[in-house]
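In what follows, a single structure is set out as structure tokens and then discussed.
Each chain gets a letter, A, B and so on, in the order the sequences are listed, and its residues count up from 1. On a predicted model such as this, the values are computed, not experimentally measured, just so you know.
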Amino acid sequence: EDKVVQSPLSLVVHEGDTVTLNCSYEVTNFRSLLWYKQEKKAPTFLFMLTSSGIEKKSGRLSSILDKKELFSILNITATQTGDSAIYLCAVFNGDTGNQFYFGTGTSLTVIP
Amino acid sequence: KAGVTQTPRYLIKTRGQQVTLSCSPISGHRSVSWYQQTPGQGLQFLFEYFSETQRNKGNFPGRFSGRQFSNSRSEMNVSTLELGDSALYLCASSFGLRQETQYFGPGTRLLVL
């Protein structure tokens, strides 16, 4: 059965800390892995990863994919209160259409 | 370009009733996917429509159905509502099939009493 597992489920850190969020997957016909940030609204796109070992970076956020070990990490450095959100990992199976498998998310709370 | 819109934004129903949710994709997008989001299960894929045809379906009972119109707008229907159907229902649109870049709407929050 295809699945995506994220850990930890929740995390509370202080401003300035660095956090690492994990996403492991078992999905047939893997095509890509995506990270989203969800505040009190629709998820917004962060990164799409298709190749192992190539880091994607956007400001304080970065992500990398390991297709051999079937996982990805999302790093956030120098966290700010605005980073508080649920971070979702999704794996895209492009075999039969637009089939996305989402993890349950990691809830990050950054306290001042 | 306007984003994905969903109506209504909030809905309260009672068990046994049925509900219809609407999603208008970004102009030019032909693929619409529907998701159910609950605290315990996260986002779960319901189904996807492209060119008025259902292309993919997740593991949900037949009470959940949908359709897509020629203008790419999509509706989702849930019949015989159960308490466990209380959730945030998100739709996402993308330009075509096998397109990883999808844009989410704000969601419809359904509460079943």
Under 4.5 Å from any heavy atom of chain A, what part of B:Leu43 do you find: side chain, backbone, both or neither? both

Is chain A contacted by the side chain of B:Gln44, its backbone, both, or neither, given a heavy-atom distance below 4.5 Å? neither

Working note: B:Phe45 + A:Phe102, criterion side chain to side chain contact (heavy atoms under 4.5 Å, CB included); need CA distance, chi angles, decisive distance, verdict. CA-CA 8 Å; B:Phe45 174 78; A:Phe102 278 84; over 6 Å; no

Any chain of hydrophobic side-chain contacts (each under 4.5 Å) joining [X] to [Y]?
X: A:Ile73; Y: A:Leu33; result: no
X: B:Leu88; Y: A:Phe45; result: yes
X: A:Val19; Y: A:Leu61; result: yes

Which value, rounded to the nearest 0.5 Å, describes the distance between B:Gln102 atom CD and A:Phe92 atom CZ? 8.0 Å

OH of B:Tyr103 to OG1 of A:Thr44: how many Å apart, nearest 0.5 Å? 12.0 Å

Taking ring-ring contact (aromatic ring centres under 6.0 Å, His included) as the test, write out the residues that go with A:Tyr25, two or more places apart. A:Phe30

Partners meeting ring-ring contact (aromatic ring centres under 6.0 Å, His included) with B:Phe64 (sequence neighbours left out): B:Phe60

Are more than 12 heavy atoms, taken from residues, nucleotides or ligands other than [X], located less than 6.0 Å from that residue's [atom1] atom?
X: B:Arg109; atom1: CZ; result: no
X: B:Arg63; atom1: CZ; result: yes
X: B:Asn59; atom1: CG; result: no
X: A:Lys3; atom1: NZ; result: no

For the residue pair B:Phe104 and A:Ala42, what are the closest heavy atoms and their distance? CB-CB, 3.6 Å

Quick test of your reading: applying salt bridge (charged side-chain N to carboxylate O under 4.0 Å, His left out), list the pairs with at least one residue in residues 18-31 of chain B, sequence neighbours left out, ordered by first then second residue. none

Counting only non-hydrogen atoms closer than 4.5 Å, does A:Leu88 touch chain B with its backbone (N, CA, C, O), its side chain (CB onward), both, or neither? side chain

Contact class of A:Gln38 relative to chain B, heavy atoms under 4.5 angstrom: side chain

4.5 Å side-chain heavy-atom contact, B:Tyr35 and A:Phe100: yes

Hey, which residues of residues 103-112 of chain A are touching chain B, say heavy atoms under 4.5 Å apart? A:Gly103, A:Thr104

